[in-house]
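Heads up: the structure comes next, in structure tokens.
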Number of protein chains: 2
Amino acid sequence: MAQARDHRVVILGAGFAGLNAAMELARLWGRERAGRILLVDRVNAHLFTPILYHVATGLVEPGHIAYPVRVVAHRYGFDFHESVVRGVDLERRQVATDDGPLPYERLVLALGGATNFFGLEEVRRSSLTLKTLGDAIRIRNQLVEAFERAAVEPDARQRRKWLTFVVVGGGATGVELMGSMATLIREAMLATYTSVRPREVRLVLVEALPRLLGGLDPRVGQMAARRLQERGVELRLGTMVTRVTEDGTTTKTGEFLPAATVIWAAGVRASPLADQLPLERGKGGRIVVDACLEVPGWPGVHALGDVACFTDPSTGRPLPPNAAVAVRQGSHLARNLAAVLEGSRPRPFRYQALGELISLGRNVAVAEIKGLRFDGLPAWLVWRSFYLSHLMGFKNQLGVLLDWSYAYFRRRDIARLDMASEWATEAEMLGLPAREAARRRAAS
Amino acid sequence: MAQARDHRVVILGAGFAGLNAAMELARLWGRERAGRILLVDRVNAHLFTPILYHVATGLVEPGHIAYPVRVVAHRYGFDFHESVVRGVDLERRQVATDDGPLPYERLVLALGGATNFFGLEEVRRSSLTLKTLGDAIRIRNQLVEAFERAAVEPDARQRRKWLTFVVVGGGATGVELMGSMATLIREAMLATYTSVRPREVRLVLVEALPRLLGGLDPRVGQMAARRLQERGVELRLGTMVTRVTEDGTTTKTGEFLPAATVIWAAGVRASPLADQLPLERGKGGRIVVDACLEVPGWPGVHALGDVACFTDPSTGRPLPPNAAVAVRQGSHLARNLAAVLEGSRPRPFRYQALGELISLGRNVAVAEIKGLRFDGLPAWLVWRSFYLSHLMGFKNQLGVLLDWSYAYFRRRDIARLDMASEWATEAEMLGLPAREAARRRAAS
């Protein structure tokens, strides 16, 4: 089996942190030694998550943000296993996977993050999240479905429920998703579903802090709030969602919002795999690492990106779980590993955010770059250029450019992407469980 | 509710037959009267099925072959309901849907087709089909998955099983799918998965008739057979698949093919909804219609496309279930309905196939147009131009053109499009049922 090969470095997770670590180390080592790097992920696709919400709002095709890791591995010469990681035996220095154990000399935990429900089980059951490609397609289909339902619904209260869309969380994810939803709904949906009146639609953004974009300069949050309100988004600041049911959602202030669509974007925590490791963990279950991204007490074990809790020495606070940090940590660790294996000392990781770019829908974004704040069209153009240039693969760049251009000049895509198999479809038509539908057809 | 509106014509199914009938009738009637046409489908997307196999083989993005029916309805002025049809009460002249009954004056059954397993329940359980967008993505993911499995599998027999791909059915669907799979595997896969040796890969096409493309001129079938064999496809003609299990498939001649991937493309029958109607049915459960596409004994009820059995008066045989016939029948019926409602007599439907175009992978197709047979690059170029020009929507045309160009000059897309939600993903990592994973996270 492939693990019989001597893999010096095993990297778990092909997100921004893990993939960049693998690429940079392979580059430093050259093709020959790169074969001693093994990257493991449960799917052979690297997902460009910063524009996942564009898939959720019909702006970008799902396939345009997925890039085959196998192609990168082939180009750089490192090894890749598509395998589900079940756990890590830190004492015996091996990773447990569905395809057997993988021994390592150096381990890089780049397992990523998961949605944080803060223990609200009911919320989890009744709300949508935005983490995987499947989640994004589910949101896209739900937005279309809500309008299709409203179009055939005569009861005013029921219509209202279908036409109320709640996003929970006023951080970057929630704000960008709501901005894009507002554009989709105000432009594409209302123009096509002419039986729906604009005033029947409600868009509500709920945030526990008294302002949006809590991590950034307050003035950027104010810009974002004003821009969203201009597009008809109602803000509920300084309150939290306490309940989500099929009928709607309730906030801490006691307000009940009847809504068929509630999207939870209120928090990120470490991948649940991290919960199984006997390691010190910080806020959100993230694995604590030292200045050189190593796990204290476990020499040769590193953690990066959303799964890692790295305390910024300049502020004394953990760095936020985002793509920019993950990319930088991946490259930095790779350089350290290459140096250490040649006898040099590792360097501490330093991070200075270049800035923040938050898109808020057509022609509008807010930006804070090196202390400079600006919004509107200039910010929006910077935003689009920046993300387009960071997409992996020429085809995906071209594809996203085409998707964006088309949506800009013509219309967003409002076809429901039905992912059901023929069997599920047939069962639905006949109102039967899939197995029964199968039996009937087999007998015909 | 919307059905309170007087819908004179109710059309069930937004495939080629139903959508074309709605569009043509709306065009003839003009926007004002078009509101009396109601089109019903369970999904608001029209699927361009002739290139569904391009989605299955990483050539085309899923969203590029789906077009929002709601946009067409808005443009032409007819009505659309996204609703699941449960049955039809022909006596009371109303359709039963999940959103209540829909009364009609004229009914158009354009319900489409389903995969025909000829009663082989075991085959149904263990093979993939190619009918919905979800099916196509499942095949794409399975082809990638097979190579990922083979890449980590040391056992030669197991590798062989992962690397054997069987398509059952030598009609247009099976032949085109196999041609495209051969290109994908020989070009993209083997170039990227360098641990897989070309001679480990087996591609097998099984057909019950003694030749391929049974509906066409025998010389076209011979051309196709030669072209596929040039690409390393093994043909099993004149035999049938009798069993499909997890380990592989067995043919009537007793040959066992160990294969992890078996795709069933051996037959089409009418939608299972047709089974519930008290109407005369022909081969494959298709509803028998008269020369004017009306159901005998039920004035005002029509059937079109794959669900209809129309006997071609010139040959005495039913027309094949394909897109070209469906489109023509849709437009023809619309013209008849417009004529009849103005007091004219309906005209009988006539169909003269323009020809056949079968694509067999990069640069190769076979064509028979007005008795002229040709193959190779010219046929392939005609094929591509023809289908591109028939795609609905400029964005989809542009998207498919980009997809094709990129795959032609660079590489097909071999990223697995994982459609699992965050929850399913997490449950998989932890090896738990989804609900238990949810509970654990909620408690953290």
Side-chain angles (χ1 to χ4, degrees), chain A residues 1-2 43-45 61-63 66-68 70-71 74 81-82 84-86 99 114-115 117 119 121 124 129 131-135 137-138 144 148 152 154 192 272-273 275 285 395 398-399 402 406 410 413-422 425-426 428-431 438 441-444, chain B residues 1-2 43-45 61-63 66-68 70-71 74 81-82 84-86 99 114-115 117 119 121 124 129 131-135 137-138 144 148 152 154 192 194 272-273 275 285 395 398-399 402 406 413-422 425-426 428-431 438 441-444:
Chain A
M1 199 154 163
V43 184
N44 90 336
E61 286 303 319
Y67 193 81
R70 178 64 65 175
V71 170
H74 178 60
H81 276 205
E82 191 190 72
V84 177
V85 172
R86 298 291 186 190
D99 301 297
T115 301
F117 290 97
E121 165 66 5
R124 186 206 65 73
T129 57
K131 202 77 197 161
T132 66
L133 205 53
D135 292 339
I137 294 171
R138 244 162 236 109
V144 175
E148 289 293 347
V152 294
T192 310
L273 269 179
D275 302 349
K395 187 201 167 189
L398 215 60
L402 171 71
Y406 193 83
R410 297 288 291 275
D413 194 347
I414 57 170
R416 192 148 72 80
L417 288 180
D418 188 48
M419 294 301 163
S421 66
E422 185 186 2
T425 301
E426 212 165 275
E428 189 194 1
M429 284 194 305
L430 299 175
R441 181 154 71 178
S444 75
Chain B
M1 199 155 164
V43 184
N44 90 337
E61 286 303 319
Y67 193 81
R70 179 63 66 175
V71 170
H74 178 60
H81 277 204
E82 192 191 73
V84 177
V85 172
R86 300 290 186 191
D99 301 298
T115 300
F117 291 97
E121 165 67 3
R124 187 205 64 74
T129 57
K131 202 77 197 160
T132 67
L133 204 54
D135 292 339
I137 294 172
R138 246 162 236 110
V144 176
E148 289 293 347
V152 295
T192 310
T194 43
L273 270 179
D275 301 349
K395 187 201 168 190
L398 215 59
L402 171 71
Y406 193 83
D413 194 348
I414 57 171
R416 191 148 73 78
L417 288 180
D418 187 48
M419 294 301 163
S421 66
E422 185 185 3
T425 301
E426 212 164 275
E428 188 193 3
M429 284 195 304
L430 299 174
R441 180 155 70 175
S444 74

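Residue numbers begin at 1 in each chain, while the letters A, B, ... track the order of the sequences.
Across every non-hydrogen atom of Ala420(B) and Arg138(A), the tightest pair is C-NH1, 4.0 Å. Arg416(B) approaches Asn44(A) most closely through the heavy-atom pair N-OD1, 2.8 Å. Closest approach of Ala45(B) to Ala415(A), counting heavy atoms only: CB-CB, 3.9 Å.
Listed options Asp413(A), Leu417(A), Ile414(A) were ranked by heavy-atom pairs under 4.5 angstrom with chain B; first place goes to Ile414(A). Most heavy-atom pairs under 4.5 Å with chain B: of the set Gly63(A), Pro68(A), Gly134(A), this distinction falls to Pro68(A).
Side-chain contact between Thr192(A) and Val71(B) is present, with heavy atoms from C-beta onward closer than 4.5 Å. At least one side-chain heavy atom of Lys395(A) sits less than 4.5 Å from a side-chain heavy atom of Glu61(B).
In this structure, chain B has a heavy atom under 4.5 Å from the side chain of Ile137(A), while its backbone stays farther away. With a 4.5 angstrom heavy-atom cutoff, Arg70(A) touches chain B via backbone and side-chain atoms both. For a residue to count as touching a neighbouring chain, one of its non-hydrogen atoms must lie under 4.5 Å from one of that chain's; by this rule Val43(B) touches chain A with backbone and side chain alike. Looking at Tyr67(A), the atoms closer than 4.5 Å to chain B (heavy atoms on both sides) sit in the backbone and in the side chain alike. Proximity to chain B involves both the backbone and the side chain of Leu398(A), based on heavy atoms less than 4.5 angstrom apart.
Checking side-chain atoms of Glu422(A) against main-chain N and O of Thr115(B) turns up a donor-acceptor pair under 3.5 Å.
From Thr425(A), atom OG1 reaches atom CG of Asp135(B) across 7.5 Å, with rounding to the nearest 0.5 Å.
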